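To start, the structure under review is shown below, and the notes come after it.
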Amino acid sequence: MQATAPCTVKGSIGYGYGLQRSTGLSGFGCRGCTELRSTRQTDKVSCRGLRLSSGSMGPELARARSGIDSLFRSSAKSRSVKSQASGEDLEDVVPMMPQGKSSGSVLPYVGVACLGAILFGYHLGVVNGALEYLARDLGIAENTVLQGWVVSTLLAGATVGSFTGGALADKFGRTRTFQLDAIPLAIGAFLCATAQSVQTMIIGRLLAGIGIGISSAIVPLYISEISPTEIRGALGSVNQLFICIGILAALVAGLPLSGNPLWWRTMFGIAVVPSVLLAIGMIFSPESPRWLFQRGKIVEAEKAIKTLCGKERVAEVMQDLTASCQGNVEPEVGWFDLFSSRYWKVVSVGAALFLFQQLAGINAVVYYSTSVFRSAGIESDVAASALVGTANVLGTTVASSLMDRQGRKSLLLISFGGMAASMLLLSLSFTWNVLAPYAGSLAVIGTVLYVLSFSLGAGPVPALLLPEIFASRIRAKAVSLSLGMHWISNFVIGLWFLSVVNKFGISSVYLGFASVCLLAVLYIAGNVVETKGRSLEEIERALNPAI
């Protein structure tokens with residue numbers, strides 16, 4: 001495609017690019033932004049996504065609503081164009097501050113998407129308190145194998161769902177995929193709540209697992225694509241925050257169990273409500289403008305931008321979309337293309353981050369925390385779980401406020417470094433005789449510090465960073481591939497952790513986790529780029545300059 005002369009819109013310099021149509025080429029020069037509105041839905045466009053804004057702000061999540069009106073005004077596109085032309089490093093480009101007001105708001109739609117994150121956490125946590133009671137009710141109290149199936153089937157389903165979510169999101173769009181996702185989530189919860197046999201329970205857990213696997217892929221994807229650059233980090237980390245809230249909600253839902261052994265059915269049934277609300281909410285939520293533009297649905301993309309950014313921003317954002325397209329008319333990327341030399345370097349970063357996240361031992365620490373706390377004199381399982389859950393929520397809340405100010409890469413380095421130190425403390429508390437009088441207290445301190453460190457970066461950042469570093473053509477499938485790595489490693493650790501502990505001892509296992517955390521620090525320092533304050537298009541151009 002041939003680029004026309006530069007055009008100026010609201011003080012920002014961009015370039016209009018010709019769009020491939022069935023009748024030939026239609027160039028967009030200075031009038032590209034206004035002419036684009038009249039383009040028919042039959043336009044076939046292959047492009048790299050929508051840049052909602054650029055800028056550098058670090059508002060706390062609690063201030064996001066009050067500041068949302070100032071986040072969508074004109075951005076300095078000339079900086080992104082100049083940085084691409086000059087080869088300027090992604091981390092050295094200083095973004096311009098947005099100005100003015102906007103009549104759009106992204107927060108309600110982020111909230112709807114986060115219903116999927118709540119369900120993610122709730123389904124993960126609900127079985128912990130309910131397992132003993134449902135096992136007794138379904139006649140498997142003495143069969144630990146079947147109890148294991150009830151627990152692990154969710155992870156198996158999530159692995160399937162995570163690989164499926166990307167393909168569905170590419171084919172049907174983000175909002176329609178959310179609606180499809182609500183089906184297995186609701187049916188799975190209903191089957192678990194009404195199960196009269198362990199077979200029905202396992203089927204329900206499998207369907208719920210497929211649902212949360214799809215959610216794990218599309219919630220961060222959708223949020224990243226509709227969020228303004230300035231608070232994309234804060235809003236993206238909300239995904240992890242609501243997962244933690246979902247886990248805590250499952251804990252709270254289990255409190256009546258001691259007085260009512262059949263309450264476990266209600267615990268599972270509760271999950272039907274947010275599933276239905278998710279499906280209904282997505283009816284009124286705008287589709288990702290990036291996905292619409294990729295599909296050539298120009299009119300719909302403009303409507304979505306108007307809803308998210310306000311009508312005063314439509315022309316500017318559509319011009320940015322056109323500029324980022326760069327005449328790209330390549331066919332859709334397939335799964336095997338992710339392993340090509342063109343994409344594998346960045347795809348491997350996504351997969352590695354989730355692999356390090358799981359191999360660093362977060363699930364093992366949570367699984368073993370009850371025993372650790374009991375050694376310190378804390379006999380209540382609920383109290384132990386509440387302490388870990390509270391630390392997780394607290395750390396994630398702090399991460400939300402720091403994500404756009406401190407940056408993704410630095411939070412990852414701090415997080416894995418803190419996890420390594422915490423694991424070393426845990427290991428020493430079990431082996432050093434000099435620490436024996438304080439072993440219980442040190443174990444609790446080490447566990448809480450580990451969870452806090454995890455929730456500052458290793459927990460929320462990978463799901464946020466992946467949609468940012470992946471090019472729009474591979475974004476959905478690459479996120480799904482990386483999330484698949486998450487669920488597979490999660491399943492393996494859950495399956496083999498206790499066996500490894502019995503063979504090598506908990507101290508050696510924790511020392512191994514500390515080593516993984518240190519390796520993660522070295523890997524992140526050499527391979528992960530900083531993305532704070534950069535639009536998705538600027539990130540894409542920096543990581544894929546030849547595209």
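Numbers here are sequence positions counted from 1. Here the structure is a predicted model, which is why all the values come from computation and not from measurement.
If you take CG on L146 and CD1 on I202, they are separated by 6.0 Å, rounding to the nearest 0.5 Å. Rounding to the nearest 0.5 Å gives a distance of 11.0 Å between CG of N239 and CG of L221. Distance check: I212 CD1 to L207 CG gives 12.0 Å after rounding to the nearest 0.5 Å. Atoms CD1 and OG, on I203 and S197 in that order, are 7.5 Å from each other to the nearest 0.5 Å. Taking CG from L180 and OG1 from T164, the interatomic distance works out to 11.5 Å, rounded to the nearest 0.5 Å. Atom CG of D181 sits about 8.5 Å away from atom CG of L119, to the nearest 0.5 Å.
Within the 3.5 Å criterion, the main-chain N or O of I270 finds no donor-acceptor partner in the side chain of Y122. Under the 3.5 Å distance criterion, the side-chain polar atoms of R176 are left unmatched by any main-chain donor or acceptor of K171. Panel note: side chain K477, backbone G166; no donor-acceptor pair is recorded below 3.5 Å. T307 places no side-chain N or O within 3.5 Å of a backbone atom of P286 that could act as its donor or acceptor partner. Put simply, the side chain of T153 never gets that close to the backbone of L206: no donor and acceptor are under 3.5 Å apart. In this structure a side-chain-to-backbone donor-acceptor pair under 3.5 Å is missing from T200 to Q196.
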Worksheet item: Passes side-chain hydrogen bond (donor to acceptor under 3.5 Å, both in side chains), E287 versus T175? Steps please.
Response: CA-CA 6 Å; E287 181 55 80; T175 56; 3.0 Å; yes

Practice prompt. Verify side chain to side chain contact (heavy atoms under 4.5 Å, CB included) between M282 and Y222, making sure each step is shown before the conclusion.
Written response: CA-CA 11 Å; M282 279 298 159; Y222 180 71; 4.1 Å; yes

Practice prompt. Using the side-chain hydrogen bond (donor to acceptor under 3.5 Å, both in side chains) rule, take Q358 and S489 through it: C-alpha gap first, then chi angles, then the decisive distance, then the call.
Written response: CA-CA 6 Å; Q358 294 303 306; S489 54; 4.8 Å; no

Discussion item. Let's go through L107 and L235 carefully: what are the C-alpha distance in whole Å and the side-chain angles of both, what is the deciding distance for side chain to side chain contact (heavy atoms under 4.5 Å, CB included) to 0.1 Å, and is it a yes or a no?
Written reply: CA-CA 8 Å; L107 295 181; L235 294 182; 3.6 Å; yes

Practice prompt. Determine, step by step, whether D170 and R295 satisfy the side chain to side chain contact (heavy atoms under 4.5 Å, CB included) criterion, reporting the C-alpha distance in whole Å, the side-chain angles of both residues, the deciding distance to 0.1 Å, and the verdict.
Written response: CA-CA 10 Å; D170 274 343; R295 296 289 169 168; 4.3 Å; yes

Worksheet item: Given W487 and S216, is the side-chain hydrogen bond (donor to acceptor under 3.5 Å, both in side chains) satisfied, shown in steps?
Response: CA-CA 10 Å; W487 289 113; S216 68; 3.3 Å; yes

Discussion item. Run F354 and L359 through side chain to side chain contact (heavy atoms under 4.5 Å, CB included) and show every step you take.
Written reply: CA-CA 9 Å; F354 274 111; L359 293 182; over 6 Å; no

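Looking at L155 and T159, their side chains never come closer than 4.5 Å, going by heavy atoms from C-beta outward. Side-chain contact check for L481 versus V347: some heavy-atom pair is nearer than 4.5 Å. Looking at V238 and I223, their side chains never come closer than 4.5 Å, going by heavy atoms from C-beta outward. A 4.5 Å side-chain heavy-atom check between D137 and R265 finds at least one atom pair inside the cut-off. Within the 4.5 Å cutoff, side-chain heavy atoms of F454 are placed close to those of Q357. Side-chain contact check for L353 versus L412: some heavy-atom pair is nearer than 4.5 Å. Proximity of R174 to I218: side-chain heavy atoms (C-beta onward) are nowhere separated by under 4.5 Å. Taking the side chain as every heavy atom from C-beta outward, L456 and M419 never approach each other to under 4.5 Å.
Closest of all the heavy-atom pairs between F416 and A520 is CD2-CB, 3.6 Å. Residues S455 and A391 approach most closely at OG-O, 3.7 Å, considering heavy atoms. Here the closest heavy-atom approach between residue A351 and residue M485 is recorded as O-CG, 3.6 Å. Here the closest non-hydrogen pair linking P184 and G211 is CG-CA, 4.1 Å. Summarising the geometry of S275 relative to A182, their closest heavy-atom pair is O-CB, 3.4 Å, with the distance given to 0.1 Å. Taking every heavy atom of both residues into account, A189 and F268 meet most closely at CB-O, 3.5 Å.
Ion pairing between E132 and R136 holds under the 4.0 Å rule for side-chain N and carboxylate O.
Note on ring orientation: taking the six-membered ring where Trp is involved, the planes of F356 and Y523 are tilted (angle from 30° to 60°).
Within 6.0 Å of atom CZ in F190, 12 or fewer heavy atoms from other residues, nucleotides or ligands are found, so the atom counts as exposed in its surroundings.
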